[in-house]
Amino acid sequence: VPLVVPDFSPALLLLLCPLWDVSQSLPVTGKGPMTDSCVFYAKTLLSNITDVLTQNQLFTGIDCTKQNVELNMNTNTASVCAPGDSTCSGFTPSQFSQELCLTNIGEDLRYYYQFLAAQPDPDSFLGPTVLLSLKELMENCFSWSLPADSALKKASADHPSTYDERLSLCKVLKGFHVRTITINRAIGFIHSGEDTN
Ligand SMILES: *[C@@H]1O[C@H](CO)[C@@H](O)[C@H](O)[C@H]1NC(C)=O
């Protein structure tokens with residue numbers, strides 16, 4: 001049964017589509033610039049995010065496991081990187097568009113980079129882990145270069161985080177985790193198409 005959701009709210013979509021980001025299968029073929037090392041960088045990023053979510057010192061005073069997942073809703077990665085017959089996408093493209101998928105992923109990565117680089121990180125939980133692997137993925141696979149090294153320096157700002165900053169970091173990191181699972185699937189799929197060309 002097709003659902004018409006004119007101005008679909010994230011909350012509604014998540015309600016209608018549990019595990020919306022992670023449960024979709026991808027189409028069988030693809031082609032593109034995703035190399036072995038892109039697959040590796042994406043896996044490293046996922047593993048570093050998973051790891052950083054277990055660093056309780058980042059979330060002092062907060063049980064991060066009990067917080068909501070806050071997804072980046074400025075992109076359509078989950079739907080444009082999904083197969084055309086997906087019933088849980090905001091729209092239903094008849095065909096997988098690799099370009100659109102990669103564009104959305106690139107925007108996600110930039111969004112998360114900017115967010116994370118602006119977080120206080122006096123104990124360097126983020127800088128040498130998530131931020132570094134994120135930067136490598138962006139630079140090597142999304143032809144993105146850091147404007148200056150200012151963003152990385154900012155990441156090591158030494159003021160302690162406030163409660164609200166920690167709460168927001170927890171929710172956003174959980175969203176980034178879910179989105180990075182989707183990104184890994186998409187990059188793996190595009191990479192697999194490359195091999196068969
Ligand atoms: C990031 O993840 C990779 C892959 O699991 C791991 O080898 C590396 O040590 C991690 N980096 C840090 C700083 O935890």
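Everything numeric here is computed off the predicted structure, so don't read it as measured data. Indexing begins at 1, ligand by ligand and atom by atom, following the structure's order.
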Among side-chain atoms of T75 and N104, is any donor-acceptor pair under 3.5 angstrom?
no
Looking only at protein heavy atoms, which one is nearest to atom 6 (C) of ligand 1, and how far off is it?
N48 ND2, 4.2 Å
P128 neighbourhood, listing ligand 1 atoms whose heavy-atom distance to it stays under 4.0 Å:
13 (C)
Relative to the ring of F189, is the ring of F96 parallel (under 30°), tilted (30 to 60°) or perpendicular (over 60°)?
perpendicular
Which residue owns the protein heavy atom closest to atom 13 (C) of ligand 1, what's the atom, and how far is it?
T129 CG2, 3.3 Å
Heavy atom of protein inside 4.0 Å of atom 9 (O) of ligand 1, strictly below:
no
Verdict with supporting geometry, D63 and T65, side chain to side chain donor-acceptor pair (under 3.5 Å):
CA-CA 5 Å; D63 185 348; T65 60; 2.5 Å; yes
I need the nearest protein heavy-atom contact for atom 5 (O) of ligand 1: residue, atom name and distance, please.
S47 OG, 2.7 Å
Residue among N72, L116, V52, V69 satisfying side-chain contact (heavy atoms from CB on, under 4.5 Å) with F176:
L116
Take every heavy atom of S133, measure it against each atom of ligand 1, and state whether any distance is under 4.0 Å.
no
Donor-acceptor pair between H177 and T50 side chains, under 3.5 angstrom:
yes
